[in-house]
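One structure below.
Because the structure is a prediction, the values reported are computed rather than measured.
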Amino acid sequence: MTASGNPAQELLRVGAQRLADAGVASARHDAEALLAHASGLSRTQLLTLGAGDEVPGAAAYSALVEERAARVPLQHLTGRAWFRHLELSVGPGVFVPRPETEIVAGEAVDEALRLLAAGRAPTVVDLGTGSGAIAASVATEARGARVLAVEKDVDAHAWAARNLEGTGVELRLGDLGDAFDDLDGQVDVVVSNPPYIPPDAVPVDPEVRDHDPELALYGGGEDGLDALRAVERTARRLLRPGGLLVIEHADSQGESAPAALLATAAWRDVTDLPDLAHRPRYVRARRVEGSRR
């Protein structure tokens with residue numbers, strides 16, 4: 001027991017050390033999150049326990065620490081992930097949303113809010129929604145927008161359905177390459193975080209390499225951009241003239257991703273933008289006037 005007499009502090013000390021020894025970068029944070037999850041108590045409640053108090057769920061916590069030390073993602077162990085203003089349900093079979101994608105979602109939210117302020121209810125499409133993080137963000141932050149989402153993987157679609165319940169998002173099961181043929185030329189915003197890892201760039205972190213679905217990681221083609229190109233083709237078909245396209249990409253694709261859009265005559269104002277860590281992260285463009293080709 002620690003000098004403070006708080007039994008939770010000792011559990012956290014041991015747990016954090018175990019995680020640090022296993023190479024978990026966020027060891028203390030993860031130990032606290034796991035103990036809060038196992039005990040059902042908030043972090044504040046845990047830190048105010050007295051010397052004679054028992055920590056609920058101590059055995060379950062120790063088991064969770066061992067799983068995390070084996071590099072099972074924290075979000076799989078707690079069953080939840082935070083994204084912008086949302087708490088999402090996640091687990092095996094779905095890509096865990098990353099903080100980098102929050103700024104991509106923000107672009108779609110801002111455009112939807114701009115159109116709402118101008119007196120028009122926009123239509124927003126999320127291609128390859130995964131957990132539903134982007135679609136749910138737009139639906140909850142830009143109320144009044146019509147939001148639709150599509151996901152190909154059955155397991156991920158089930159997670160998205162859970163997260164999108166009650167949001168009003170229209171969720172479909174299908175491939176992003178041929179989705180929403182009933183909306184051609186009627187969409188105001190297309191947003192996507194497609195798979196984009198090249199085949200020779202296997203992720204180093206076990207949490208990603210061993211637990212995120214391969215379908216959500218590898219983008220196809222030698223450069224990993226085949227999925228992005230499919231998003232571009234679908235967006236070209238769906239968007240109204242002037243409609244906004246926002247696509248996430250890897251930080252190594254800051255030149256190749258916008259080049260994929262510039263290879264057609266369908267886009268203007270093609271701009272590549274960084275994430276909060278100043279790394280190339282997403283490309284933004286607007287649909288030009290003209291044919292749907």
Side-chain angles (χ1 to χ4, degrees), residues 26 30 33 67-68 71-108 125-139 147-165 167 169 171-177 179 190-199 201-221 224-228 230-231 234 246-253 257 275 277 279 281-282:
S26 53
D30 289 12
E67 289 192 76
R68 184 70 187 99
R71 307 304 289 271
V72 176
L74 173 68
Q75 296 88 348
H76 285 196
L77 298 175
T78 63
R80 62 182 185 177
W82 295 100
F83 187 86
R84 290 177 68 86
H85 307 294
L86 302 171
E87 180 183 329
L88 302 172
S89 296
V90 296
V94 70
F95 182 81
V96 175
R98 308 293 199 262
E100 294 87 349
T101 308
E102 294 187 14
I103 193 170
V104 176
E107 288 275 356
V125 165
D126 178 11
L127 296 177
T129 195
S131 67
I134 295 176
S137 293
V138 177
V147 184
L148 304 96
V150 66
E151 174 54 47
K152 177 180 181 178
D153 183 78
V154 173
D155 291 337
H157 181 274
W159 284 106
R162 182 175 177 180
N163 288 317
L164 295 173
E165 185 176 0
T167 64
V169 174
L171 176 64
R172 301 184 188 181
L173 178 65
D175 191 288
L176 60 80
V190 170
V191 59
S192 181
N193 177 20
Y196 47 67
I197 297 177
V202 178
V204 174
D205 292 340
E207 291 88 344
V208 178
R209 183 186 65 234
D210 301 335
H211 295 280
D212 277 327
E214 287 194 4
L215 186 64
L217 294 178
Y218 299 100
L225 291 175
D226 278 4
L228 181 145
V231 169
T234 299
V246 186
I247 316 178
E248 183 171 334
H249 59 69
D251 55 12
S252 62
Q253 296 165 337
D275 58 25
R279 298 170 297 191
R281 182 55 58 192
Y282 65 100

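- Rounded to the nearest 0.5 Å, atoms CG (Asn193) and OG1 (Thr101) are 4.0 Å apart.
- Proximity of Arg281 to Asp251: side-chain heavy atoms (C-beta onward) are separated by under 4.5 Å at one or more points.
- Side-chain contact between Leu88 and Pro97 is present, with heavy atoms from C-beta onward closer than 4.5 Å.
- Under the 3.5 Å distance criterion, the side-chain polar atoms of Asp205 are left unmatched by any main-chain donor or acceptor of Val208.
- When all heavy atoms of Val150 and Gly174 are compared, the closest pair comes out as CG2-O, 3.3 Å.
- Within a 6.0 Å sphere centred on CD of Glu67, other residues, nucleotides and ligands contribute more than 12 heavy atoms.
- Salt bridge Arg98/Asp212: present, at least one basic N to carboxylate O contact under 4.0 Å.
- Two residues are said to be in side-chain contact when any heavy atoms from C-beta on lie closer than 4.5 Å; Ser131 and Phe95 fail this criterion.
- Here the closest heavy-atom approach between residue Ser89 and residue Arg162 is recorded as OG-NE, 3.4 Å.
- What you find for His249 and Ala257 is that their closest heavy atoms are CD2-CB, 3.5 Å.
- The side-chain hydrogen bond (donor to acceptor under 3.5 Å, both in side chains) check on Asp30 picks up Ser26, Arg68, with sequence neighbours excluded.
- Side-chain contact between Pro99 and Asp275 is absent, with no heavy atoms from C-beta onward closer than 4.5 Å.
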Quick one, Leu171 with His157, criterion side chain to side chain contact (heavy atoms under 4.5 Å, CB included). Give me CA distance, side-chain angles, the key distance, then yes/no.
CA-CA 8 Å; Leu171 176 64; His157 181 274; 3.6 Å; yes

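- A heavy-atom distance below 4.5 Å is found between the side chains of Leu127 and Thr234.
- Between Phe83 and Ile134, the shortest heavy-atom contact is CE2-N, 4.3 Å.
- Closest of all the heavy-atom pairs between Leu86 and Ala133 is CD1-O, 4.1 Å.
- Between the side chains of Tyr282 and Glu107, at least one donor N or O lies within less than 3.5 Å of an accepting N or O.
- When side chains are defined from C-beta on, Val72 counts as touching His211, because their heavy atoms get closer than 4.5 Å.
- Evaluation of the salt bridge (Lys or Arg N to Asp or Glu O under 4.0 Å) rule for Glu102 yields no partner, not counting sequence neighbours.
- A search for side-chain hydrogen bond (donor to acceptor under 3.5 Å, both in side chains) contacts involving Arg209 returns nothing, not counting sequence neighbours.
- Asp126 places none of its side-chain heavy atoms less than 4.5 Å from the side chain of Val147.
- Side chain of Asp226 to backbone of Gly221: a donor-acceptor contact under 3.5 angstrom is found.
- Taking all atoms of both residues into account, the shortest heavy-atom contact from Thr129 to Ala160 is CG2-CB, 4.0 Å.
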